[in-house]
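Please read the structure below before turning to the comments.
Both ligands and their constituent atoms are indexed starting at 1 by order of listing. Only this structure's heavy atoms are used, side chains among them; waters, hydrogens and symmetry mates stay out.
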Amino acid sequence: MSLQLADKKPSVPSHVAIIMDGNGRWACERGLPRLAGHRAGAEAVGRCIRAAIQRGVPYLTLYAFSSENWSRGPKEVSDLTGLLRYYLRHKVKELHTEGVCLRFIGDLSRFEPALRDELSRAEAMTRNNKRLVLLLALSYGGRGDIMQAVRRVAQEVRDGWLTPDQINEDLFTNHLWTAGVPDPDVMVRTSGEYRLSNFLLWQSAYAELVFLDVFWPDFNEGHFATVLDLYARRERRFGARPSASA
Ligand code: FPP
């Protein structure tokens, strides 16, 4: 990446990725069950999608269910998958009308077949939409993503489709669940925690990190605007030297 190119960073990021954290604490502060926090979190998802569309961000990735979330109690796992099913049944048509292309990334094989079918139908219905590509990370882990890509590349070498010297960063990127999607320019985490929690580990190599002190259910269009403002003010160098004006 040349310094000149780094200086000409577009002010709107191509891809915003968000770790939606704090649903449980939001509910706890109100003396409500955790499910109430997740429900309010699903409302915030709607506000976030609207904000991304309004601001012209072409790719948005939301961490909705991590591979580690399977180890939460069975009640919470069933609440979260129930909420996902509700969301698919009641919101996909609206997202389709809004021009949103839905894509699900993660180890979807861990979900029951009926839910997997609903995920496939939602992807098929919205496939040609261009206004916003919304990736929902479900049963997702960054290490798991890298491992499945390694396995597929190894298989292709074993089957004689590839030689080891043909393996490079671009080829590897195209074997990740996010194949075809630009790397996130900004990685956001809400709730005042400062961790990546196994989210898009390979893809976020050069992402600007933004940590917001707000629980996810309270996230709104104003917070989205703050993220874009912070991004617009950061100089991205991709490892190059600082520009003369810096
Ligand atoms: C983290 O909060 C959030 C999650 C584990 C799941 C995110 C889910 C949603 C926003 C709602 C469902 C989304 C869709 C698309 C239907 P936490 O429970 O870890 O909060 P805590 O750290 O305060 O306990």
Can a salt bridge be assigned to the pair [X] and [Y] using a cut-off of 4.0 Å between side-chain N and carboxylate O?
X   : Y    : result
K75 : D79  : yes
R25 : E193 : yes
R85 : E112 : yes

What does the N/O contact table under 3.5 Å look like for ligand 1?
residue  : atom   : partner : partner atom : Å
ligand 1 : 2 (O)  : N23     : N            : 3.3
ligand 1 : 18 (O) : R34     : NH2          : 2.8
ligand 1 : 18 (O) : R72     : NH1          : 2.9
ligand 1 : 19 (O) : D21     : OD1          : 3.4
ligand 1 : 19 (O) : R72     : NH2          : 2.7
ligand 1 : 20 (O) : G22     : N            : 3.4
ligand 1 : 20 (O) : N23     : N            : 3.2
ligand 1 : 20 (O) : G24     : N            : 3.0
ligand 1 : 22 (O) : D21     : OD1          : 3.1
ligand 1 : 22 (O) : R25     : NH2          : 3.0
ligand 1 : 23 (O) : G24     : N            : 3.3
ligand 1 : 23 (O) : R25     : N            : 2.7
ligand 1 : 23 (O) : R25     : NE           : 2.8
ligand 1 : 24 (O) : R34     : NH1          : 3.3
ligand 1 : 24 (O) : R34     : NH2          : 3.1

Ignoring hydrogens and angles, state whether a donor on the side chain of R116 or S109 is under 3.5 Å from an acceptor on the partner side chain.
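No, no side-chain donor-acceptor pair sits under 3.5 Å.
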
Side-chain donor-acceptor pair under 3.5 Å between E76 and H38, yes or no?
yes

Does W216 have its ring centroid less than 6.0 Å away from the ring centroid of Y63?
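No, the ring centres sit 6.0 Å or more apart.
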
